[in-house]
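One structure is given below, encoded as structure tokens.
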Amino acid sequence: MKNFLLELNPPQLEAVTHPAGPLMIIAGAGSGKTRVLTYRIAWLIDQGVDPFQILALTFTNKAAGEMRHRIEQIIGSEARNLWMGTFHSVFAKILRIDGHKLGYQSNFSIYDTDDSKSLIRSIIKEFALDDKVYRPNFVLNRISGAKNGLVSWEAYAENPLFLEEDKAAKMPEIGRIYKTYQLRCFQANAMDFDDLLFNTNVLFRDHLDVLNKYQHKFRYVLVDEFQDTNVSQYNITRKLSGVHQNITVVGDDAQSIYAFRGANIQNILNFRSDYPELHVVKLEQNYRSTQTIVSAANSVIQKNKEQLDKRVFTENEPGDKIELIKAASDQEEGRLVASRIFDTKSKLGVFNRDFAILYRTNAQSRSFEESLRKLNIKYRIIGGLSFYQRKEIKDLLAYLRFTVNPQDEEAFKRIINLPKRGIGDQTVARIAVSAAENNVSIWEVVRDIYRFVAGRAATAIDQFAVLIKDFQRYLELGKDAYEVASHVAKTSGILRDLYEDKTVEGLARYENVQELLNSIKQFVDNPDQEDTSLSAFLQTVSLLTTADTEDEDGDHDRVTLMTIHGAKGLEFPYVFVVGMEENLFPSQMMLQRRADLEEERRLFYVALTRAEKQVVLTFAMQRYNYGRLNHCEPSRFLDEIDPEYMRLSAQGLSAGRNEKSQQSRDMFDSMLSTRASRLAQLTPIKSNATPVPPANIAKSSADSGEFTAPSDLKVGQRVEHAKFGTGLLLKLESMGGTQKALVRFDQVGEKTLLLSFAKLKVIS
DNA sequence: TCATAGCCTTTTTTT
DNA sequence: AAGGCTATGA
């Protein structure tokens, strides 16, 4: 143990060996945060703390696994007894044990976003509301936001602010939808992601014996990525550490990128007032990146108003400048990045695994996949449409879910007519009515269908019921997850249906199901896995994080492709941050509010600071989006990097063989020179420079952060749009912070424009 | 009553 | 580009 401590610098050592009481570690990018957290846990155990008494909450399950592994190397196999995992997985476990006090059974289902959305959609339909006004996505976000802020449906219905906002957004029924949604989840013995945290809060609030149990169990509570916790999560940790007060949080306000999920920078500030005895340690030395990268990242993040006082520095070598590459299209962007990786590999003798391509949206991965494949460069994609989101996988999982928890309404809807057994919407609706009339669950109707419904459809339903009862018998016999799952796959007809589909896609789907069965087998055969029940497997699957997905084969030498969100906590020698275009990064949706722009900037900061040796930024002039070719402008963030640390690359010039490419070359040249002069005009950023308001969005009204339309825009005016020409403004509409204008254009007819006031000019 | 073709809308990040 | 919804035909 002692030897390990020798490797640490003074603030790191201070953090690791802080004896007891509340501790906050403000850890700048690349300052050895994970190492400190790991050593601190090892140190605690070395000091005689029982691993059973330590709870560590991490951001991904993979991070937890790796940390556990490293601790094991330091102090031995005792480390297995640590409680470690994501908030969601740890508290799902606790709810399985104690959730019955809230009326849930321990086999409760976990609804994913699709399930939630589908339930919301059916409630909207049942209420005979217009789903164009009540957009399921919006409603779900609203409910999720309430739950993450610990607002119950009861409280929501009484809150004048929410009611006011909903009325203004023309959605006065959201409170009623929220209530029904919660009741339906409860009846289905299901919790969504937010419920796992919300219900833990309720459990700890209403059942002090339970709270007491865990308060005494966990003498030490540690929270990683604290800047990304929301109120609901914060409240749980605060309660848990209420007795011993031994809470350690590690975070960096500059890397807070989950406000859209309810994360609250304010938590860091609240923390100080909640724990007057708080000890604060700042880790400011960056061991990861070159001086250039650290300085460039600092020059960007300094534009944010909202941040703690901190000075990240490094003693590493200066390193290469940040390169900016311009591409004609998204396809060329892919080619340039791929060939750049190819060249760097052969020139410097580095490996695929030394490169990461980071983008803002998952959809951007395509062009890079194609060009990497062409050059025979192996890659892995993290996130995106993951394995577990594929239809055939979700279908089988729905069968398994329904077998474990026959109250699961969403799983039922998914499988009742799959494979096709002639049970349509009408029949399902009739079952639902029957269930409601007799005040029993849907499963109770299905399992005794002849008692409730007679007729042709009843036979088909009875067959379905017999099938499920057979699956349930397997569970009762104590078969493990693999035995049940392979039986279900064979007997349900899913596998047979896919087998008969001889198309390429059908074959792939068949293999996917086989692969799922393989992974269940692995789960069951894992010696570390104590609980090999189907229920345990389902829980693990539904709480997997994107970073948790394993490499398919043992080949680790791959270029990594992922969103910047997915790159949190990771590092790579060479990082490409691609798609540096206005409205893509920063995202169009985020530009409405000042606070959100700051979050996008933090995201850019995270992207830059992933790199050890070099950053390459790229942008395209044209990009396919929603099946359309769009013209793009370079991102404002490019202007925010101190030009001292940047270099424009001449790459992207395809050799001019004809007039057309000569033309585009000229355009590119002039582009480069205006770009260069714009960069040169920027004076280096001083430490307390005031943020420059973005020029091309409407001015925010003071600091309220609300978007306001120019006041001179009125219905009936003639307006001009850069793309669509002139027209007549028919209607102005504001909904939930989203502003719309309906314009009848002379040339192209009526169009609804989103947030495009800046591009609308009044001409009469 | 059900299945399918074509129309229409969406429009970020993740547990 | 993809998924949901509606109209149409079986």
Side-chain angles (χ1 to χ4, degrees), chain A residues 57-61 85-92 110-118 121-122 124-125 131-132 135-138 140-141 144 147-148 191-198 225 228-230 232-233 256-263 358-364 366 382-386 388-389 391 417 420-430 455-457 460 539-549 562-568 579 583-592 596 599-600 602-604 606-607 623-630 738 752 754-755:
Chain A
L57 297 162
T58 57
F59 205 70
T60 64
N61 294 306
T86 63
F87 271 93
H88 288 87
S89 63
V90 166
F91 295 110
I110 297 172
Y111 276 1
D112 67 12
T113 311
D114 284 344
D115 297 319
S116 300
K117 224 180 277 175
S118 149
R121 191 170 281 129
S122 34
I124 289 172
K125 219 174 255 173
D131 65 356
K132 301 228 164 60
R135 300 216 316 284
N137 246 329
F138 184 94
L140 181 59
N141 273 335
S144 172
K147 283 197 272 196
N148 285 328
M191 300 192 202
D192 68 15
F193 292 131
D194 305 319
D195 288 336
L196 293 173
L197 305 173
F198 186 91
E225 307 285 6
D228 286 322
T229 54
N230 58 36
S232 181
Q233 292 168 319
S256 163
I257 53 176
Y258 277 94
F260 72 91
R261 206 166 81 182
L358 307 182
Y359 35 74
R360 181 66 236 273
T361 68
N362 284 305
Q364 285 166 256
R366 256 198 144 84
I382 298 189
L385 226 196
S386 82
Y388 291 100
Q389 286 172 309
K391 185 187 173 302
N417 198 27
K420 305 257 154 61
R421 37 172 90 81
I423 303 174
D425 293 345
Q426 301 287 333
T427 315
V428 173
R430 216 183 302 154
R456 207 153 34 94
Q539 182 187 314
T540 310
V541 162
S542 48
L543 296 177
L544 281 180
T545 61
T546 49
D548 292 334
T549 42
M562 62 182 150
T563 64
I564 304 170
H565 282 93
K568 189 162 82 154
N583 293 333
L584 181 60
F585 189 27
S587 152
Q588 192 171 23
M589 322 229 69
M590 290 295 232
L591 289 176
Q592 298 168 42
D596 290 342
E599 174 151 319
E600 292 281 289
R602 290 193 292 270
L603 198 53
F604 187 40
V606 169
R623 177 178 298 278
Y624 268 102
N625 228 347
Y626 301 108
R628 288 188 172 283
L629 191 62
N630 291 94
T738 312
T752 304
L754 279 174
L755 301 168

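Note that the structure is a prediction, hence the values are computed from the model and not measured. First the proteins, then the strands, lettered A, B, ... as listed; each starts at 1.
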Base of B/dT13, side chain of A/R360 - is there a donor-acceptor contact under 3.5 Å? yes
Rounded to the Å, how far apart are A/M589 CE and B/dT10 P? 11 Å
Please figure out whether A/R261 or A/G422 has its closest DNA chain B nucleotide nearer the 5' end. A/G422
At 4.0 Å (heavy atoms only), tell me whether A/R430 reaches a base, stays on the sugar-phosphate, or touches nothing. sugar-phosphate
Let me know the distance between CG of A/N148 and P of B/dT15, rounded to the nearest Å. 14 Å
State whether A/R261 and A/D228 are salt-bridged, where the test is any N-O pair (Lys NZ or Arg NE/NH1/NH2 against Asp/Glu carboxylate O) under 4.0 Å. no
For a quick check, tell me whether the side chain of A/T113 and the base of B/dT15 share a donor-acceptor pair closer than 3.5 Å. yes
Write down the distance between NZ (A/K132) and C1' (B/dT9), rounded to a whole number of angstrom. 8 Å
Categorize A/G566 for me: base, sugar-phosphate, or nothing, with a 4.0 angstrom heavy-atom threshold over every strand shown. nothing
For the side chain of A/T427, counting heavy atoms from C-beta on, which of B/dC2, B/dT14, C/dC5 is nearest? B/dC2
With a 4.0 Å cut-off, would you call A/D131 and A/R121 a salt bridge? no
Nucleotide of B/dT15, B/dT12, B/dT10 approaching A/S587 most closely (side-chain heavy atoms): B/dT12
How many Å lie between CZ on A/R135 and C1' on C/dC5, as a whole number? 16 Å
Among the nucleotides C/dC5, B/dT14, B/dT15, which one has an atom lying closest to any side-chain atom of A/F260? B/dT14
Considering just the side-chain nitrogens and oxygens of A/R366, establish if one lies under 4.0 Å of OP1 or OP2 belonging to C/dA1. no
Does A/N137 put a side-chain nitrogen or oxygen below 4.0 Å from OP1 or OP2 of B/dT10? no
Taking only side-chain N and O atoms of A/N417, does any of them lie within less than 4.0 angstrom of OP1 or OP2 on B/dA3? yes
List the residues meeting side-chain contact (heavy atoms from CB on, under 4.5 Å) with A/S232, not counting sequence neighbours, and say none if there are none. A/L150, A/L197, A/N201, A/N230
Picking from B/dT15, B/dT4, B/dT13, the nucleotide nearest the side-chain atoms of A/H88 would be B/dT15
Mind checking A/I423 for me? I need base, sugar-phosphate or nothing, with any heavy atom below 4.0 Å counting as a touch. sugar-phosphate
Residue A/Q426, side-chain heavy atoms: nucleotide from B/dT1, B/dT4, B/dT13 that is nearest: B/dT1
Are A/F198 and A/M191 close enough that some pair of their side-chain heavy atoms sits under 4.5 Å apart? no
Could you state the atom-to-atom distance from CG of A/N141 to P of B/dT15 in whole Å? 16 Å
Is the shortest heavy-atom distance from the side chain of A/K147 to the side chain of A/D195 under 4.5 Å? yes
Result for 5'-nearest mapping on DNA chain B, choosing between A/R421 and A/T563, is A/R421
How is A/Y258 classified with respect to the nucleic acid when contacts are heavy atoms under 4.0 Å: base, sugar-phosphate, or nothing? sugar-phosphate
Have a look at A/D112 and say if it touches a base, only the backbone sugar-phosphate, or nothing, with a 4.0 Å heavy-atom cut-off. nothing
Of the options B/dT15, B/dA3, C/dG4, whose atoms approach the side-chain atoms of A/T86 most closely? B/dT15
Euclidean distance, atom OH of residue A/Y359 to atom P of B/dT14 [Å, nearest integer]: 9 Å
By the 4.0 Å heavy-atom rule, please label A/D192 as base, sugar-phosphate, or nothing. nothing
Is any side-chain heavy atom of A/T86 closer than 4.5 Å to a side-chain heavy atom of A/F59? no
Using atom NZ of A/K391 as one end and atom C1' of C/dG4 as the other, report the distance to the nearest whole Å. 14 Å
Whole-Å distance between B/dT12 C1' and A/Q364 CD? 10 Å
Of the candidates B/dT13, B/dA3, B/dT15, the side chain of A/T361 sits closest to B/dT13
Counterpart residues, salt bridge (charged side-chain N to carboxylate O under 4.0 Å, His left out), relative to A/K391 (two or more places apart): A/D395
Under 4.0 Å between any heavy atoms, over every strand shown, what does A/N625 touch: base, sugar-phosphate, or nothing? Just pick one. nothing
